[in-house]
Amino acid sequence: MKSPKTLTKLLLGMLAFGLWLGANNLHAQSKAIDVNKSSLKVRVFKSGAFSAFAHDHEIEAAIQEGKIDEGKTDKRKTDSSASPSVQLSVDSRKMRVLDPGTPPDKRAEIQQTMQSAKVLDVEKFPEISYQSTRVTSHGDARWEVQGILSLHRKKQPVVVEVTLRDGHYLGSASFKQSSFGIDPIRMAGGTVKVKDELKIEFDIVSAE
């Protein structure tokens with residue numbers, strides 16, 4: 001008969017092995033976003049009686065940091081034991097108006113307006129962030145991501161459609177500026193104005 005001391009060592013050893021086995025079979029697939037390979041663009045569209053004489057805007061919003069969590073997957077099972085998630089942030093002060101074909105001086109004017117208190121107010125609200133709350137798989141490497149967009153210190157739900165293609169998470173989403181307390185810009189007495197709804201397009205790559 002084994003002594004109580006020997007039995008205690010045996011039980012502790014079995015417990016340690018069980019913990020190691022559980023940890024080995026349960027992996028958290030969390031990866032940082034590769035900010036150098038990822039891109040995010042905002043598209044702003046014009047409307048109004050004379051919108052044909054104006055240009056839509058294309059804005060580059062470099063991702064400052066972010067993380068993709070593919071969930072905790074148990075090797076012994078085919079399902080996921082924890083929901084995947086994504087989070088990212090953008091520095092509004094580093095957003096740049098691209099607008100190919102627009103003269104440099106006009107582009108600089110648009111840039112200044114975008115950063116001013118009339119629109120983003122970048123000095124007061126430098127951070128824009130998105131945090132997923134629920135990710136639903138639609139099969140074939142497609143997901144619907146529900147999350148909260150924080151802009152102008154206001155938080156609103158935004159749904160994003162995502163597709164994984166050759167290691168790139170591609171997708172788009174739309175939201176209204178007015179939902180975040182931003183009044184769409186109007187010019188020429190309102191004959192040319194910016195549409196309230198913006199479109200975001202992204203190409204996100206996770207770090208190796």
Q) Do other residues, nucleotides or ligands put more than 12 heavy atoms under 6.0 Å from Q112 CD? A) no
Q | Distance-only polar pair, side chains of K155 and S150, donor-acceptor under 3.5 Å | A | yes
(Q) Could you tell me if the side chain of D99 sits less than 4.5 Å from the side chain of H57, heavy atoms only? (A) yes
(Q) With rounding to the nearest 0.5 angstrom, report the CG to CZ distance, D56 to F45. (A) 6.0 Å
**Q.** Exam field: side chain R107 to backbone T102, donor-acceptor pair closer than 3.5 Å
**A.** yes
Q. What are the two closest non-hydrogen atoms of R96 and R93, and how far apart are they?
A. NH1-O, 3.2 Å
**Q.** Side-chain donor/acceptor of Q115 to backbone N/O of L120, under 3.5 Å
**A.** no
Q: Would you check if the side chain of D196 reaches a backbone N or O of Q177 as a donor-acceptor pair within less than 3.5 Å?
A: yes
Q: Quick one: list whatever passes salt bridge (charged side-chain N to carboxylate O under 4.0 Å, His left out) with E197, sequence neighbours left out.
A: none
Q: Would you check if the side chain of S132 reaches a backbone N or O of V86 as a donor-acceptor pair within less than 3.5 Å?
A: yes
Q | Cluster overlap I182 with F125, hydrophobic side-chain contacts below 4.5 Å | A | no
**Q.** Rounded distance [0.5 Å steps], OG in S89 versus CD in Q131
**A.** 11.0 Å
Q) Under a single-linkage definition using a 4.5 Å side-chain heavy-atom cutoff for Ile, Leu, Val, Met, Phe, Trp and Tyr, are L40 and L164 assigned to the same hydrophobic cluster? A) yes
Q: Check whether any side-chain heavy atom of I63 sits under 4.5 Å from a side-chain heavy atom of F202, and report yes or no.
A: no
**Q.** Heavy-atom side-chain contact between F175 and L151 under 4.5 Å
**A.** yes
(Q) Walk me through whether V158 and I200 qualify under side chain to side chain contact (heavy atoms under 4.5 Å, CB included). (A) CA-CA 11 Å; V158 172; I200 296 177; over 6 Å; no
Q) Which atoms form the tightest heavy-atom contact between G147 and Y130, and what is the distance? A) N-OH, 3.0 Å
Q. Do the side chains of L88 and V35 get nearer than 4.5 Å, heavy atoms only?
A. no
Q. Distance from I68 atom CD1 to K31 atom NZ, nearest 0.5 Å?
A. 8.5 Å
**Q.** Nearest-0.5 Å distance, OG of residue S179 to NE2 of residue H152
**A.** 13.0 Å
(Q) Using 0.5 Å steps for rounding, measure from the CD atom of E58 to the CD atom of E201. (A) 8.0 Å
Q) Donor-acceptor pair, Q111 side chain versus M95 backbone, under 3.5 Å? A) yes
Q: Sorted by first residue and then second, give each salt bridge (Lys or Arg N to Asp or Glu O under 4.0 Å) pair with at least one member in residues 116-141; sequence neighbours left out.
A: none
Q: Using atom types as modelled and distance alone, determine if a side-chain donor or acceptor of Y169 lies under 3.5 Å from a backbone N or O of V162.
A: no
Q: Answer whether the closest heavy-atom distance between the side chains of E161 and E144 falls below 4.5 Å.
A: yes
**Q.** Between CD1 on residue I204 and OG on residue S38, distance to nearest 0.5 Å
**A.** 6.0 Å
Q.
Minimum heavy-atom separation for I33 and Q87, please, with both atom names.
A. CD1-O, 3.9 Å
Q. Are V44 and M114 side-chain neighbours, meaning at least one heavy-atom pair lies under 4.5 Å?
A. no
Q: Determine, step by step, whether I59 and K41 satisfy the side chain to side chain contact (heavy atoms under 4.5 Å, CB included) criterion, reporting the C-alpha distance in whole Å, the side-chain angles of both residues, the deciding distance to 0.1 Å, and the verdict.
A: CA-CA 5 Å; I59 301 164; K41 290 183 179 179; over 6 Å; no
